[in-house]
Each structure stands twice: as C-alpha cells, then as structure tokens.
Amino acid sequence: MSAAPLVGYSSSDSEDETEDGVGVGVGVRTRPGAASRRRGQAAPPSQRLPVPDSLLSMFPSTEEGPEDDSAKHGGRVRTFPHERGNWATHVYLPYAAGEEFVDLLDVLLRRAQACVPRLVRADEFHLSLSHSVVLRHHWILPFVHALKDRVASHHRFVFIANRVKIYTNQEKTRTFIGLEVTSGHAQFLDLVAEVDSVMEEFDLTTFYQDPSFHVSLAWCVGDVRPQLEGQCLQELQAIVDEFEDSELLLRVHAQQVRCKSGNKFFSLPLK
C-alpha cells in the first residue's frame with residue numbers, strides 16, 4: 001500500500017503557528033531579506049524607519065496571545081510557541097458548503113466513524129494554496145496587496161473535487177479525510193505559482209512541488225490511516241459516487257482567493 005500524502009497542516013490550527021519575522025519601516029520598498037541579500041547583512045537599527053502608529057493601530061489584537069490550552073481545540077498542540085507581533089497567515093480558496101454537501105458529509109462521516117469513532121467534522125471548508133506561514137503584523141497589508149496584484153489577472157474557473165483520499169499532516173499527529181480535485185488541477189497550479197512568487201518575495205516557505213489539492217472534510221488526532229484505508233476508503237468512495245447528483249454537487253465555481261492572517265480575512269477576487 002502506498003504511503004498517504006502529507007498535507008500542509010501543523011499539529012495545531014493554522015492560526016497557532018508562529019516563528020520570527022523580519023520587518024522594515026513603511027515607505028521602504030525593500031521586502032524582508034532583500035537588504036541582506038544585497039549587502040550581506042541587515043541594516044543597523046538606527047537606519048530603520050519606525051512603523052507609524054496609524055498602521056500599528058490597524059492590528060491591535062497582536063498584543064494579546066491565545067492561551068496554550070489544547071483542550072480548547074480537540075487536543076491539538078502548538079507547533080511553535082506564540083510570540084507577540086507574529087501573525088499566522090494562510091492563503092486558500094474557499095469552498096462553500098451548501099445543504100446538499102452537508103447531507104453528503106453526514107453520510108460519509110457516519111461511515112468513517114464506524115472505522116474511527118473519534119473523527120470530527122471540519123469547522124470550515126477550503127483548498128489550501130499555501131502552507132501556514134508567519135508574518136510580522138506590519139507586513140500583512142504589503143503581503144496582501146502583493147497577492148492581490150498577482151491573482152487579479154487570473155480568471156474564475158470550475159473544478160471538481162470528488163476523489164476520497166486520506167491525508168496526514170507532516171508530523172503525522174493528525175489524520176484527515178479529504179475530497180481531492182480531479183478536474184481543474186492546472187488552474188490551481190497556476191494560482192500556487194503566483195502565491196509562491198509572493199512567498200519568495202517575503203522570504204517565506206513555498207508550497208509543495210506536487211500538491212494534492214483537496215477539501216478536508218473530517219479529522220482526528222493521531223495517525224489512523226491503517227483504519228481508514230483499504231475497505232473503509234473504498235466504501236467512502238462508493239458513497240460519493242452513488243450520492244444523488246454528486247457530479248453536479250461537487251462541481252464548484254472558483255471565484256476568489258482568500259488570505260487569513262490571525263483573525264483578519266482578505267478577499268482577492270479572480271477576474
């Protein structure tokens with residue numbers, strides 16, 4: 001049996017991941033890391049412009065960090081400790097769940113829970129276009145503006161996600177049941193190329209070389225692939241294939257890209 005693909009989930013929620021970021025003053029067009037690449041070292045602190053209070057005030061909640069209480073989010077544990085001023089950021093394509101989709105999910109989840117009872121439904125549905133990365137708060141708006149410029153020329157498109165697949169995060173501390181994209185893959189790759197360009201501009205981690213675009217439906221703590229793959233997976237796929245109007249139900253119009261940074265959401269419309 002081939003190994004299940006890894007997906008870009010940490011052992012915690014995306015908003016829980018943090019790492020050190022680099023920032024320069026507003027009005028300086030240099031992106032993080034650009035100065036050090038040209039001169040071999042960062043500029044002395046005395047040469048950096050201060051961030052205006054008007055910009056800092058746009059993100060007041062950066063001063064308070066969430067509690068590290070895994071009991072509040074299903075036993076998930078932070079990969080990185082919270083640090084003030086760091087904002088976990090994620091780029092994705094939203095997936096609107098209609099009533100029929102929820103009906104299908106209910107049937108799938110009941111069958112999957114017969115194999116793994118602790119599986120729970122996902123809180124919301126999306127298709128990732130990036131890893132969860134960390135920005136200093138005063139780089140969020142320049143980052144979002146760069147993303148908007150990149151994706152603005154891309155047209156809306158239709159994709160189909162109807163192949164049931166089992167995933168784990170990189171640490172193999174969580175398992176996911178997902179619906180993989182089977183039509184529209186090329187358009188997703190084009191969007192990821194644009195997102196990756198912005199990530200590189202800000203010295204952030206780019207996406208997978210060969211990503212499996214998918215909608216995560218349910219998850220649980222731990223690596224439970226052996227319980228879900230094989231016969232259980234076949235039965236889940238049969239449910240999708242035989243569900244009434246599933247071909248139309250799982251045909252989705254992609255109209256926008258979204259960026260979530262901390263508790264802020266930004267909509268980036270496609271052409």
Side-chain angles (χ1 to χ4, degrees), residues 1-21 65-83 86-95 97 105 108-135 161 163-181 192 195 199 204-233 236-237 259-263:
M1 181 182 297
S2 61
L6 299 178
V7 294
Y9 299 94
S10 72
S11 57
S12 63
D13 289 325
S14 62
E15 62 265 31
D16 288 337
E17 296 182 82
T18 58
E19 62 187 26
D20 288 336
E67 298 178 5
D68 289 320
D69 188 352
S70 63
K72 293 183 178 180
H73 40 81
R76 289 168 287 186
V77 180
R78 293 184 188 278
T79 300
F80 303 103
H82 173 78
E83 294 182 19
N86 286 349
W87 287 61
T89 302
H90 178 222
V91 183
Y92 61 95
L93 194 148
Y95 189 103
L105 178 53
L108 286 170
L109 189 57
R110 283 196 298 270
R111 180 63 194 93
Q113 287 173 334
C115 302
V116 181
R118 66 179 184 272
L119 280 164
V120 295
R121 182 189 297 184
D123 294 330
E124 50 86 26
F125 307 100
H126 66 266
L127 297 95
S128 291
L129 300 176
S130 79
H131 295 295
S132 288
V133 296
V134 176
L135 287 174
R163 180 184 295 136
V164 183
K165 206 161 185 178
I166 310 303
Y167 299 87
T168 63
N169 63 347
Q170 291 181 315
E171 299 85 4
K172 297 185 179 179
T173 57
R174 295 170 69 192
T175 303
F176 303 83
I177 298 175
L179 285 177
E180 186 182 34
V181 168
V192 166
V195 175
M199 292 292 180
L204 299 170
T205 304
T206 56
F207 207 39
Y208 298 108
Q209 290 296 313
D210 186 21
S212 173
F213 300 107
H214 64 280
V215 184
S216 288
L217 306 176
W219 66 276
C220 70
V221 173
D223 184 354
V224 296
R225 287 174 298 170
Q227 294 96 304
L228 291 174
E229 292 178 335
Q231 181 65 30
C232 186
L233 179 59
L236 294 175
Q237 185 64 60
C259 177
K260 178 184 179 185
S261 192
N263 58 3

K.L.:
Identify the heavy atoms of Lys260 and Gly262 that sit nearest to each other, and give their distance.
P.N.:
CE-O, 3.1 Å

K.L.:
Using every non-hydrogen atom in the two residues, find where His131 and Phe207 come nearest and quote the distance to one decimal.
P.N.:
N-CD1, 3.6 Å

K.L.:
How many angstroms lie between atom OG of Ser216 and atom CZ of Arg121, to the nearest 0.5 angstrom?
P.N.:
14.0 Å

K.L.:
I'd like to check Leu127 versus Tyr92 (side-chain heavy atoms, cut-off strictly below 4.5 Å). Are they in contact?
P.N.:
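Not in contact.
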
K.L.:
Yes or no on side chain to side chain contact (heavy atoms under 4.5 Å, CB included) for Val192 and Phe213, after CA distance, side-chain angles and deciding distance?
P.N.:
CA-CA 10 Å; Val192 166; Phe213 300 107; 3.6 Å; yes

K.L.:
Assess the residue pair Phe176 and Val215 against the criterion (side chain to side chain contact (heavy atoms under 4.5 Å, CB included)); give the C-alpha distance rounded to whole Å, side-chain angles, the decisive distance to 0.1 Å, and a yes or no.
P.N.:
CA-CA 10 Å; Phe176 303 83; Val215 184; over 6 Å; no

K.L.:
Show the nearest heavy-atom pair for residues Gln227 and Cys232, with the distance to one decimal.
P.N.:
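Shortest heavy-atom contact: O-CB, 3.8 Å.
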
K.L.:
Counting C-beta onward and ignoring hydrogens, is there a side-chain heavy-atom pair between Leu135 and Leu204 closer than 4.5 Å?
P.N.:
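Result yes, sub-4.5 Å side-chain heavy-atom pair found.
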
K.L.:
Within the structure provided, determine whether Ile166 and Ile177 are in side-chain contact (heavy-atom separation under 4.5 Å).
P.N.:
yes

K.L.:
Taking all non-hydrogen atoms of both residues, which atom of Val195 and which atom of Ser130 are closest, and how far apart?
P.N.:
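For Val195 versus Ser130, the nearest heavy atoms are CG1-CB, 4.0 Å.
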
K.L.:
Any donor and acceptor pair, going by atom type alone, linking the side chain of Thr89 with main-chain N or O of Trp87 inside 3.5 Å?
P.N.:
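Judged by distance alone, yes, a pair lies under 3.5 Å.
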
K.L.:
For Leu217 and Val164: C-alpha separation, side-chain torsions, deciding distance, then whether side chain to side chain contact (heavy atoms under 4.5 Å, CB included) applies.
P.N.:
CA-CA 10 Å; Leu217 306 176; Val164 183; over 6 Å; no

K.L.:
From Gln113 CD over to Leu119 CG, what is the distance, rounded to the nearest 0.5 angstrom?
P.N.:
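Here the rounded value is 6.5 Å.
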
K.L.:
Please state whether the rings of His214 and Tyr167 are parallel, tilted or perpendicular, taking 30° and 60° as the class boundaries.
P.N.:
parallel

K.L.:
Measure the NZ-CG distance between Lys165 and Leu228 for me, rounded to the nearest 0.5 Å.
P.N.:
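One finds 14.5 Å between NZ of Lys165 and CG of Leu228.
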
K.L.:
For Lys172 and Thr168, which heavy atoms make the closest approach, and how far apart are they?
P.N.:
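That closest heavy-atom pairing would be CG-OG1, 3.9 Å.
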
K.L.:
Please name the pair of heavy atoms, one in Asp223 and one in Thr175, separated by the smallest distance, quoted to 0.1 Å.
P.N.:
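For Asp223 versus Thr175, the nearest heavy atoms are CA-OG1, 3.2 Å.
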
K.L.:
Could you measure the distance from the CZ atom of Arg163 to the CG atom of Leu236? Nearest 0.5 Å is fine.
P.N.:
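It comes to 15.0 Å.
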
K.L.:
Out of curiosity, Phe125 CZ to Leu179 CG, how far, rounded to the nearest 0.5 Å?
P.N.:
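Reported value, rounded in 0.5 Å steps: 9.5 Å.
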
